[in-house]
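Note sheet for the following structure.
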4 protein chains.
Amino acid sequence: MTAAQLTLVQIDNYGPWTVTPEPRREMDLQTLQSRLFADLAQYIGNRGGYVFFTRFDNMVAVTNGLDRRDHELLQESVGNRFPVTVSLGVGVDEVPIEALETATERVQAAGSAQSSDRSEAFAGEFLTESADDDVHIAHFDVNDATGKYTDRLNEFDSFINIEHGYASLMKYMREEHGALSFFVGGDNVIAVCPDLTHDEYMGAIDHVADDAGVQLKVGVGSGETPHDAGYAAKHALEDCRYEGTLVEFA
Amino acid sequence: MTAAQLTLVQIDNYGPWTVTPEPRREMDLQTLQSRLFADLAQYIGNRGGYVFFTRFDNMVAVTNGLDRRDHELLQESVGNRFPVTVSLGVGVDEVPIEALETATERVQAAGSAQSSDRSEAFAGEFLTESADDDVHIAHFDVNDATGKYTDRLNEFDSFINIEHGYASLMKYMREEHGALSFFVGGDNVIAVCPDLTHDEYMGAIDHVADDAGVQLKVGVGSGETPHDAGYAAKHALEDCRYEGTLVEFA
Amino acid sequence: MTAAQLTLVQIDNYGPWTVTPEPRREMDLQTLQSRLFADLAQYIGNRGGYVFFTRFDNMVAVTNGLDRRDHELLQESVGNRFPVTVSLGVGVDEVPIEALETATERVQAAGSAQSSDRSEAFAGEFLTESADDDVHIAHFDVNDATGKYTDRLNEFDSFINIEHGYASLMKYMREEHGALSFFVGGDNVIAVCPDLTHDEYMGAIDHVADDAGVQLKVGVGSGETPHDAGYAAKHALEDCRYEGTLVEFA
Amino acid sequence: MTAAQLTLVQIDNYGPWTVTPEPRREMDLQTLQSRLFADLAQYIGNRGGYVFFTRFDNMVAVTNGLDRRDHELLQESVGNRFPVTVSLGVGVDEVPIEALETATERVQAAGSAQSSDRSEAFAGEFLTESADDDVHIAHFDVNDATGKYTDRLNEFDSFINIEHGYASLMKYMREEHGALSFFVGGDNVIAVCPDLTHDEYMGAIDHVADDAGVQLKVGVGSGETPHDAGYAAKHALEDCRYEGTLVEFA
């Protein structure tokens, strides 16, 4: 049984802002985006949550452990420190994609992502009870990515391979299981999942090997918060490394 | 004629560091990575260059306008302020992928990405003369991404569409033209290109529409530095918006 | 009645680090220090606490509202993201200086600030019950600082005046009341105080006017956390502005 | 002979912004201020300059090595990434306080620090030739501050002692020599000076010992840029440490 609380963080009217009155320097935009993400990672992360940069103007967070007040304060603090504001939508469901669907609809209902009328919208529901298997996190990486890619190919071709594997995995996991998979740098992908079996994870790994020619392995953990689940998953992935296995549960 | 100067920024021995002595909190790693990228974006960006986060532990920069001393200082400053160090390789070529190939080989020659013996390696050659068409930048975005995706689908499905389009474009541009395309957030992709024609850009757009069902448009600019070229490309992309065209040159 | 929980944050072995193996670039040190402070301000601040930069290598925080686990996580996260680590000592007392005395002794007992053997020491006691008048915050500013100084003198002479007023206030408040006063930028000083009367604040303002020729006013608030107390104090200071008074309680 | 180029960085209309529409959270303001300073330290510092936080809403920089274009870009980039903008004034003189006087007047001439009409004012003159003794930097610290204060007193009383010494030094150096002294954390003060003799530095040290009971030592360096001069000063200060002397020139 899982109960994922998903939050959509959407920068208000960002597209128009980036070109008003003239296009802004691209590296300033990159700095702004990545620092906003970094601040969310700290704020959400040190409360036990996870956030993913996704498209940067839209970020997806797993916020089990954060309540309404935590969200309000996050929104206020961003508005105090950045030249942009954010709208937040929150949803809860057993299946991560369903929770995000609800979260997104709540933001969309408040106005378009490119509406100058919408600012700091906030709507959502929050988990009121929690259990120690609410969140399931799968931490994937590529088998010997350094030896096969990083130390051998030019960086762009390494990146294409990793990216290709990620694209294949993200699509499969979403379609088969309603899971949300995010590239988090290097050769790592973190997926927020419903409760899946060993065979279902094996199925995902086989699919990516066939479809994209990339060999993944995965550690899986569960917990009351994304951090608890993800930390257990990291340890399970270390077990894969030592045991030479492809799927390990914490 | 182009002369792209490409720099590979690779964090030294990062994989092992992230799990020593125990796996580190994922959100701390995300914070570290995105802040390192933000600092590079500022340093390189305010000297006229562009940097892309790529895999975060490996970042690719277009550094026309930055000399050896600029690179040395960047490396020293990162070492003073972060718990990790970076190695740098630099290459120059008409074709971006060739320049990156050289840059990568220089880092690889100094040791593995996961060697504890390699720290702050630095090797490269630098452009000694510059011309105002050294760098060609193409700035792509998705036609009406807000209306088609962001305001209509849940954020993950929007992301899958954008990602799919990007994966298709990055592969095509690299294979056909040796160009390097990077997702920079929202629905934007910035490509460092050789000197390409209107038809060649049209070919890329058609390919992505067929292959991934995503309708792109593109503004193209050239300049002495990535910022000059990229800024012109942004203006050209604004022209596409106003004219309803798919390819515009500055 | 007050119960101030004070935390000393001391960077481990920082002095030696700044000159090893060679003196590090001063602006990198300034960047590191101010970003570490900024991160503490976010972490502690969004839990209701206040932190002051003091000497930057030693920072003083008022941490009512933060428990042992919050402190442990802060220490771990700094260690994951910075090239330095911090030791923490925590003390509780009615009188702020006594709480800080205890907090400091706990860090000192673990080793010298310049010992390479001490790393991430942590000792302290924490408030177990809280009341809505645990913390008293006084927010001082200079009457018409813009008109008298900023718009009229060169910035260094403005600064000398403000600094002189601050030096006078910090000494008086510490000696008379065991209160801790911190310059927080502009013409603002925030003091963590025991429960003081209108006349006692008037006495401080008169002292600074006589001793340093600087005319202060002050808003005073109390609350369960520094933020609650400080926010009330800010509103009280706004009242001074509108009423033309020198001391206002929230 | 010296030629100091001083820049005043003043946040536009900051005071009113901090309380509009309601007082903003103090820790958000502290974060904003210290991060803005950190970014200036990087930008100015990696071009050879020095910047000091002073009052945070007004910062003083020594910008030998930065030209008009560097200043314009700094101003633009801050505006792109922060919720506030900055005005800049630049002056050049043999005597630092005179250069700052001119720089400040240029900002003041554009409007009040609390005027909502003034935004991103910029006026100044720039050094057109440079010599390797344009800038003189004196780096002071307190003799055995760790043994006398940090490891023995509570942090606030340590701070009062250091602060007291700093207040005495800043005033003396400004009045006697037109030099600008800035506390930079720990027990360190960096002063931008005209060309002073060994005896004049000895005079300053004696004054502070008498006036504030704090024993300083100082390393002095000169260079084309603040970094060059300051780096030499740091080495000279290390010489003091090894030799047991109170004044050393690089």
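Throughout, protein chains are lettered first and strands after them, A, B, ... in sequence-line order, and every chain is numbered starting at 1.
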- Query: What part of D/Asp28 is in contact with chain C, defined as an atom under 4.5 angstrom from a non-hydrogen atom: side chain, backbone, both or neither?
  - Reply: both
- Taking the side chain as every heavy atom from C-beta outward, state whether D/Phe52 and D/Val192 have any atom pair closer than 4.5 Å. yes
- Message: Using heavy-atom distances under 4.5 Å, tell me whether C/Glu26 contacts chain D through its side chain, its backbone, both, or neither.
- Response: both
- Given C/Ser116, C/Ser112, C/Ser115, the one that forms side chain to side chain contact (heavy atoms under 4.5 Å, CB included) with C/Asn13: C/Ser116
- Item | Closest heavy-atom pair and its distance - D/Val214, D/Asn161 | CG2-O, 3.5 Å
- Please look at D/Leu29 and chain C and tell me whether the side chain, the backbone, both or neither of the residue comes under 4.5 angstrom of a heavy atom of that chain. side chain
- Query: Between D/Lys217 and D/Leu237, is there a donor-acceptor pair closer than 3.5 Å when you use the side chain of the first and the backbone of the second?
  - Reply: no
- Message: Under 4.5 Å from any heavy atom of chain C, what part of D/Val107 do you find: side chain, backbone, both or neither?
- Response: neither
- Side-chain donor or acceptor of D/Tyr50 paired with backbone N/O of D/Ile190 under 3.5 Å: no
- Query: Where does D/Leu8 contact chain C at under 4.5 Å (heavy atoms): side chain, backbone, both or neither?
  - Reply: side chain
- Message: Run the side chain to side chain contact (heavy atoms under 4.5 Å, CB included) test on D/Asp12 and D/Trp17 for me, step by step, so that the C-alpha distance in whole Å, both residues' side-chain angles and the decisive distance to 0.1 Å come before the verdict.
- Response: CA-CA 9 Å; D/Asp12 294 315; D/Trp17 183 85; over 6 Å; no
- Atom group of C/Asn188 that falls short of 4.5 Å from chain D, counting heavy atoms: neither
- Query: Side chain, backbone, both or neither: which part of D/Thr104 has an atom under 4.5 Å from a heavy atom of chain C?
  - Reply: side chain
- Item | C/Arg55 with D/Glu155: basic N within carboxylate O range, under 4.0 Å | yes
- Item | Structural part of D/Gln33 lying under 4.5 Å from a heavy atom of chain C | side chain
- Message: If I measure from the heavy atoms of chain C, does D/Ile162 come under 4.5 Å with its side chain, its backbone, both, or neither?
- Response: side chain
- Message: Does any backbone or side-chain atom of D/Val60 lie under 4.5 Å from a heavy atom of chain C? Answer side chain, backbone, both or neither.
- Response: side chain
- Task: Let me know if C/Glu105 has heavy atoms under 4.5 Å from chain D in its side chain, its backbone, both or neither.
- Result: neither
